Amino acid sequence: MPWVFKTEPTECSIDDIGAAGADGVIWEGVRNYQARNFLRDEVVVGDLVLIHHSSCAQIGVAGVAQVTEAAFADPSQFQQDSQYYDPKATTDKFAWYAVKVSLVEKFARVLTLAELRDCPGLAELVLVKKGNRLSIMPATKQQFDLVLFLTKT
DNA sequence: GCCAACGTTGGC
DNA sequence: GCCAACGTTGGC
């Protein structure tokens, strides 16, 4: 299933994903239960992911990544110096999961949120819904293909 | 288990 | 920096 992952580019941008090479980057720090459940239960190796840059100058979808490793224990929950540290987490019992993604394609330009909202075929895309705060969101194949099509217009 | 208060997200 | 929308917390 295709996905949309949100990220602040100051944390992990499309270029950071590209710089990580074929092995990919660890997608960690997800601390919302609904998003966690998607990561833990539904994101599988090979899934394609639209990478959305949020809270930045150029808000929008910046490219496509691919899942290279499915759910494993989010290492940041064990790291005391991490902003994502969870003192309750042990290696036997923990709440948070991470995946790995590698770069497939960086778009020639960022597809802005306004453009996505202007596209009737994307009205049901979770990313464009008002008040949406999920950082891991499912998308349909039709929505995914439509976003790729928009990059060519 | 309800729900008010609070904190966070994230576009603008 | 503002503020709408949402998630979480905690008293009862």
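Source: prediction; values computed, not measured. Just so you know, these numbers use all the heavy atoms, side chains as well, and skip hydrogens, waters and symmetry mates. Convention: sequence-line order gives letters A, B, ...; per-chain numbering from 1.
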When we call it a touch if two heavy atoms are under 4.0 Å apart, what does A:R117 touch: a base, just sugar-phosphate, or nothing?
->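 The answer is sugar-phosphate, as A:R117 gets under 4.0 Å only of primed atoms, P, OP1 or OP2.
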
Greater than 12 external heavy atoms within 6.0 Å of [X]'s [atom1]:
X	atom1	value
A:Y85	OH	yes
A:K88	NZ	no
A:F94	CZ	yes

Answer yes or no: is there an ion pair linking A:R31 with A:D74, defined by an N-O contact shorter than 4.0 Å?
->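 Here A:R31 pairs with A:D74 in a salt bridge, since their nearest N and O are under 4.0 Å apart.
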
Members of residues 48-62 of chain A that approach DNA chain B, where some heavy atom sits under 4.0 Å away =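 Of all residues in residues 48-62 of chain A, the ones placing a heavy atom under 4.0 Å from DNA chain B are A:H52, A:S54, A:S55, A:I59.
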
Check against side-chain contact (heavy atoms from CB on, under 4.5 Å), A:L146 and A:L122 | CA-CA 8 Å; A:L146 190 45; A:L122 297 176; 3.9 Å; yes

Mind checking whether A:Y84 and A:W96 have ring centres under 6.0 Å apart?
->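 Ring-ring flag for A:Y84/A:W96: false, centres at least 6.0 Å apart.
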
Is there a side-chain contact between A:L127 and A:H52 (heavy atoms, below 4.5 Å)?
->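 Side-chain contact under 4.5 Å: yes.
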
Under the side-chain contact (heavy atoms from CB on, under 4.5 Å) criterion, do A:W27 and A:I17 qualify, and how do the steps go?
-> CA-CA 10 Å; A:W27 205 268; A:I17 298 171; 3.8 Å; yes

Go through DNA chain B in 5' to 3' direction and return only the first and the last nucleotide with some atom under 4.0 Å of chain A's heavy atoms.
->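 The footprint of chain A covers B:dG7 to B:dC12.
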
